[in-house]
Visitor: 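Mind having a look at this structure? Questions to follow.
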Amino acid sequence: MTILERRIRWAAVFVMVGIAILLGSLASDHPLSFMTFLVLGCPVVLLGILLYLYSLSAAKSSDEP
Amino acid sequence: MLSGENLAVGSAVLGIILAFLIAVRTELTRVRDGRILAFLALFVLPALAVWAGASEHMERAKSTEFCLSCHTMEQHGKSLLVDDRSYLAAAHYQNNRIPRERACYTCHTNYTMFGGFKDKWRGLSHVYVQYLGTIPKPEEIKLYTPFNNRECLHCHAGARSYMEATAHMKTADLLEKTSRNEMSCMSSRCHDTTHDVETLADVTLWKEPRK
C-alpha cells in the first residue's frame, strides 16, 4: 500500500466516523444533538475531506518533475 | 417529497457505504473509475451530508419544543398559556398570531440577512451556560439588547389593526417613532407585560379545548 492509499484510507475512516456522528445527532431534536453535530460530527467529516484533498495534492506534486 | 432530513440521511448512509468501500478496498483508487468513486465518497457525499445535516438542525432549532427543552426555560413556556390577554407572548401564542410550533423563534429572531445564524450563535452560549455555567433563575433571564421594534413590525407593519388602533394614534408621530425604533413597543408602558415569569404563581392558565 502506497502513502497515498494510506492517507485515502484514513480519510475514509474519518469521513465514516464523522457521518455516523452526524446521523446519530439527527435522531434527536435536543440542543445537545445540535452541539454533537457541530462540535464532533462536522470537524471529523471536514478532517476526512481535507485529508483526502491533501493526499491528492501531495500525490500530484510528487508526480511533477 | 425530498425533505432536508431525507437528504441528510440519504447522503449520509450512501456516504458511509462508499467510504467503507474505499477504506477496505483502497486499491480501487488506482484506476480512473475508482478515483471518481473516491471523489464521490470522500468529498461530494460528505459535503452534501454536512450541508443537509446543518440545514436540518437549523430548522429543528427553530421549534418551540427545542427552545423549551432546557429546564430553565419552562416558566417562559408556561407564560405562553397565561389566561390574560395583557400578556403579550400569551396573546400572540393563543390567538395564532405566531405559529405555535415556532413561537419563540418567530418573535426572538432578528429579521436581518444573517439573523437566524446570529440567533443560533447566541444559542450556543445558552447551551454552554446550561451544562457548564451557572444557570440563572427564570426571572433573571433578560434580553441581551432591548427588543427591536423591527421584529414586531415584520408582521404588524402595514396591518390595518396596527395602523388604525386608537392607542397607536394618540400622537401624530407615534407610528413613525416606533418604525424608527425611537419608541419601543414594549418599554413605553404600552405592551410591557411580556413573559413576566415572576408573576406566574398568581395567574390562571388557559387550557386549550380538545379538538
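Just so we're on the same page: letters track the sequence lines, and every chain starts at 1.
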Visitor: When the ring planes of B:H108 and B:F147 are compared, do they come out parallel, tilted or perpendicular, using 30° and 60° as the limits?
Guide: perpendicular
Visitor: Step by step, would you call B:E151 with B:H154 a side chain to side chain donor-acceptor pair (under 3.5 Å)?
Guide: CA-CA 5 Å; B:E151 277 49 280; B:H154 180 74; over 6 Å; no
Visitor: Below 4.5 Å, heavy-atom pairs only: which of B:V127, B:L42, B:I16 has the largest tally toward chain A?
Guide: B:L42
Visitor: Should B:R60 and B:E56 count as an ion pair when the cut-off is N to O under 4.0 Å?
Guide: yes
Visitor: In terms of relative ring orientation, are B:H57 and A:F34 parallel, tilted or perpendicular, with 30° and 60° separating the classes?
Guide: perpendicular
Visitor: Can you tell me which portion of B:T29 sits under 4.5 Å from chain A's heavy atoms? Options are side chain, backbone, both or neither.
Guide: side chain
Visitor: Which one of B:A12, B:A8, B:G123 has the most heavy-atom pairs closer than 4.5 Å to chain A?
Guide: B:A12
Visitor: Identify which part of A:L51 has an atom lying under 4.5 Å from any heavy atom of chain B, answering side chain, backbone, both or neither.
Guide: neither
Visitor: Heavy-atom cut-off 4.5 Å, strictly under: side chain, backbone, both or neither for B:F39 against chain A?
Guide: both
Visitor: Is it the case that B:T64 and B:Y93 place a side-chain donor and acceptor less than 3.5 Å from each other?
Guide: no
Visitor: Could you tell me which portion of B:A38 (side chain, backbone, both or neither) has an atom closer than 4.5 angstrom to a non-hydrogen atom of chain A?
Guide: both
Visitor: In plain terms, say whether B:K142 and B:E140 are close enough for a salt bridge, that is, a side-chain N and a carboxylate O under 4.0 Å apart.
Guide: no
Visitor: Using modelled atom types and a 3.5 Å cut-off, is there a donor and acceptor pairing between side-chain atoms of B:N95 and backbone atoms of B:R97?
Guide: no
Visitor: Using heavy-atom distances under 4.5 Å, tell me whether A:L46 contacts chain B through its side chain, its backbone, both, or neither.
Guide: neither
Visitor: May I ask you to name which of B:C70, B:C67, B:A54 has the most heavy-atom pairs under 4.5 Å with chain A?
Guide: B:A54
Visitor: For A:S55, which atoms come within 4.5 Å of any heavy atom of chain B: side chain, backbone, both, or neither?
Guide: neither
Visitor: If you count heavy-atom pairs under 4.5 Å with chain B, which of A:S25, A:G41, A:G18, A:C42 comes out on top?
Guide: A:S25
Visitor: Tell me, for A:M35 versus chain B, whether the close heavy atoms (under 4.5 Å) come from the side chain, the backbone, both or neither.
Guide: side chain
Visitor: Which region of A:L23, side chain (C-beta onward) or backbone (N, CA, C, O), has a non-hydrogen atom less than 4.5 Å from a non-hydrogen atom of chain B, or is it both or neither?
Guide: side chain
Visitor: What do the steps show when you test B:R122 against B:D119 for salt bridge (Lys or Arg N to Asp or Glu O under 4.0 Å), and what is the final call?
Guide: CA-CA 5 Å; B:R122 280 197 317 232; B:D119 293 337; 3.1 Å; yes
Visitor: Given heavy-atom pairs under 4.5 angstrom as the criterion, report whether the side chain, backbone, both or neither of A:L4 touches chain B.
Guide: neither
Visitor: Do you know which of A:A12, A:G48, A:S33 has the most heavy-atom pairs under 4.5 Å to chain B?
Guide: A:A12
Visitor: Is the shortest side-chain N to carboxylate O distance from B:E182 to B:R180 below 4.0 Å?
Guide: yes
